[in-house]
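On a predicted model such as this, the values are computed, not experimentally measured, just so you know.
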Amino acid sequence: MSKRILIRLSVCWLGLAPIAGAGEELPTWKPLFNGKDLSGWVDVNTSPDTWNVKDGLLVCEGKPIGVMRSEKQYENFILHIEWRHMEPGGNSGVFVWSDGSPAKGQRLPKGVEVQMLELDWPKLHPDKQGNPRPMAYVHGEVWGTNGLVTKPDNPRGIRSQSIENRCKPRGQWNVYQVVCVDGVIKLSVNGKFVNGVSQASQKKGYLCLESEGAEIHFRNIRILELPPGVTRSDQIAPDVTVEPTSK
C-alpha cells in the first residue's frame, strides 16, 4: 500500500474528509529527523554519545537506558518511523503522549510505549521455567507506562499485543505507522494495522525515542499533525520549561 493511500485511508478512518474550506490548509507530513543532526530533539537522561547521526541515519548506541524527546508536544497525529535493530534481542521503542522527563528514580517516562524488540528477545529472556517468552513481546506491544492508563485492544495484562507477527529480524528495516487521535492509538507494522489501545488517560505530550541496552537505527521519522480535540488540562503532559541535564 502506498504512503499516499495510507494517509487518505487514515484521514477517512478518522472521519476527516480531505476537503479544505476556504483558506484552510490540509495536513502535510513534516520531518522530525533531517538526516544531518539532532535538531528538534532534546537529550533527557542519556549521554552525548548515546545518539548520533551516521550516513543519514539516527543511531542509538543503547547506553545508558533513557530517552531523547521531541522539542514540542503533539496531540492528534500520524507518526511514521522506520527502525532496525543491530544486535540479537535488542530492546527499544517510541513513547507517544509522553511526559518530558521521567519521574524521580525512573529511567523511562510516563507515556504510551510502542515496543520495538528484536526477534531473538524471547529466546534470550526466557520465563522462570526456561521457556521462551511469547512472540507478542517483540511485535509492537502498546501500553501505558509509569501511571498512564490505557485500554488494550488485545489484552495481555495491561498491555495490548499484536494479533499477527510482522516484525523483521535485526539488520532489516521495520516500518511503523502510529495513528494517535483523542486517546486512541492504532499501530500498523510493515503495512498492516495489527494493534491498538484506547481511552488513554493522557492524550497530548512529547514523543520520546528509547535507549535500552542495544544499538538501534532510525530513519524517515515524520509526522502528520491533525486537528486538536477536546482535551482537558489533566490529559496533557506537563510543559518542560527547563531543559533536562544529561547524565
**Hydrophobic cluster membership, V149 vs I158, 4.5 Å side-chain cutoff** = no

**Request:** Please step through salt bridge (charged side-chain N to carboxylate O under 4.0 Å, His left out) for the pair R133 and D127, ending with a clear verdict.
**Result:** CA-CA 6 Å; R133 303 279 185 172; D127 62 21; 6.0 Å; no

**Asked** Do L119 and C167 come close enough that some side-chain heavy atom pair is under 4.5 Å?
**Response** yes

**Beyond-backbone contact of R166 with V194, side-chain heavy atoms, under 4.5 angstrom** = yes

**Asked** Taking the side chain from W143 and the backbone from R156, do they hold a donor-acceptor pair closer than 3.5 Å?
**Response** no

**Prompt:** What's the spacing between S98 OG and L207 CG if we round to 0.5 Å?
**Reply:** 8.5 Å

**Complete:** By ring-ring contact (aromatic ring centres under 6.0 Å, His included), Y176 pairs with (sequence neighbours left out) W83

**Message:** Rounded to the nearest 0.5 Å, what separates atom CD1 in I185 from atom CD in E113?
**Reply:** 11.5 Å

**N131, CG atom: more than 12 neighbouring heavy atoms under 6.0 Å** = yes

**Request:** Specify the closest pair of heavy atoms between P27 and L224, including all atoms of both residues, with the distance to one decimal.
**Result:** C-CD1, 3.5 Å

**Prompt:** With the threshold set at 4.0 Å, does a side-chain nitrogen-carboxylate oxygen contact exist between R69 and D43?
**Reply:** no

**Item:** Y206 side chain to A237 backbone, donor-acceptor under 3.5 Å
**Value:** no

**Message:** How close do L57 and F33 get, counting heavy atoms only, and between which atoms?
**Reply:** C-CZ, 3.7 Å

**Prompt:** Just by distance, with hydrogens left out, do N220 and E82 show a side-chain donor and acceptor under 3.5 Å apart?
**Reply:** yes

**Prompt:** Distance only, no hydrogens: is a donor on one side chain within 3.5 Å (strictly under) of an acceptor on the other, for D37 and N34?
**Reply:** yes

**Message:** In this structure, would M116 and L124 fall into the same cluster of hydrophobic residues linked by side-chain contacts under 4.5 Å?
**Reply:** no

**Request:** For residues Q177 and W29, report the shortest heavy-atom separation together with the two atoms involved.
**Result:** OE1-CH2, 3.9 Å

**Message:** Do E75 and T231 pair up side chain to side chain, a donor and an acceptor below 3.5 Å, judged on atom types alone?
**Reply:** yes

**Message:** Is a donor from one side chain sitting under 3.5 angstrom from an acceptor on the other, for D99 and Q202?
**Reply:** yes

**Message:** Is there a side chain to side chain contact (heavy atoms under 4.5 Å, CB included) between E61 and D49? Walk through the geometry before answering.
**Reply:** CA-CA 8 Å; E61 299 296 339; D49 298 325; 5.8 Å; no

**Criterion side chain to side chain contact (heavy atoms under 4.5 Å, CB included) on M68 and V44, from CA distance to verdict** = CA-CA 5 Å; M68 178 173 70; V44 175; 5.9 Å; no

**Donor + acceptor pair across side chains of S160, D153 (<3.5 Å)** = no

**Prompt:** Ignoring hydrogens and geometry, is there a side-chain-to-backbone donor-acceptor pair from N154 to I163 under 3.5 Å?
**Reply:** no

**Message:** Tell me if a side-chain donor or acceptor on N76 pairs with a main-chain N or O of D182 at a distance below 3.5 Å.
**Reply:** yes

**Request:** Could you check if a side-chain atom of Q73 sits within less than 4.5 angstrom of a side-chain atom of V240, using non-hydrogen atoms only?
**Result:** no

**Request:** Report yes if the side chains of M86 and R170 come closer than 4.5 Å at any heavy-atom pair, otherwise no.
**Result:** no

**Prompt:** Closest heavy-atom contact between D120 and E118?
**Reply:** N-OE1, 2.8 Å

Identify each donor-acceptor pair in which a side-chain atom of residues 208-218 lies under 3.5 Å from a protein atom, sequence neighbours left out, and give them as a table.
| unit_1 | atom_1 | unit_2 | atom_2 | d |
| --- | --- | --- | --- | --- |
| E210 | OE1 | G93 | N | 3.2 |
| S211 | OG | G62 | O | 3.1 |
| S211 | OG | K63 | N | 3.3 |
| S211 | OG | P64 | O | 2.8 |
| E212 | OE2 | N91 | ND2 | 3.4 |
| E215 | OE2 | H217 | NE2 | 2.7 |
| H217 | ND1 | R84 | NE | 3.1 |
| H217 | ND1 | R84 | NH2 | 3.3 |

**Request:** Could you tell me whether the side chain of H85 and the main chain of G90 form a donor-acceptor pair under 3.5 Å?
**Result:** yes

**Message:** Let me confirm one number: the CG-CG distance from N52 to L58, rounded to the nearest 0.5 Å.
**Reply:** 8.5 Å

**Message:** Can a donor-acceptor pair be found, under 3.5 Å and without considering hydrogens, that links the side chain of N174 to the backbone of V189?
**Reply:** no

**Message:** Would a single hydrophobic cluster contain both I78 and V175, if residues Ile, Leu, Val, Met, Phe, Trp and Tyr are joined by side-chain heavy-atom contacts under 4.5 Å?
**Reply:** no

**Flag, side chain of Q235 to backbone of R232, donor-acceptor distance under 3.5 Å** = yes

**Request:** Measure from the side-chain N and O atoms of T46 to the backbone N and O of T50, and report whether any donor-acceptor pair falls under 3.5 Å.
**Result:** no

**Request:** Find the distance between CZ (R219) and CD1 (I221) and round it off to the nearest 0.5 Å.
**Result:** 11.0 Å

**Request:** Kindly indicate whether the side chain of W97, heavy atoms from C-beta on, has any atom under 4.5 Å from the side chain of I236.
**Result:** no

**Request:** Look up atom CG in N195 and atom CD in Q115, then write down how far apart they are to the nearest 0.5 Å.
**Result:** 11.5 Å

**Prompt:** Does the side chain of P109 come within less than 4.5 Å of T145's, by heavy atoms?
**Reply:** no

**Fill in**
Separation between CZ (F77) and NZ (K204), nearest 0.5 Å, reads 11.5 Å

**Prompt:** Would you say T150 and V142 make side-chain contact, with heavy atoms under 4.5 Å?
**Reply:** no

**Asked** Linking I/L/V/M/F/W/Y whenever their side-chain heavy atoms sit closer than 4.5 Å, directly or via other members, would W173 and L79 fall into one cluster?
**Response** no

**Asked** Considering only heavy atoms from C-beta outward, does the side chain of W41 approach that of L32 to under 4.5 Å?
**Response** yes

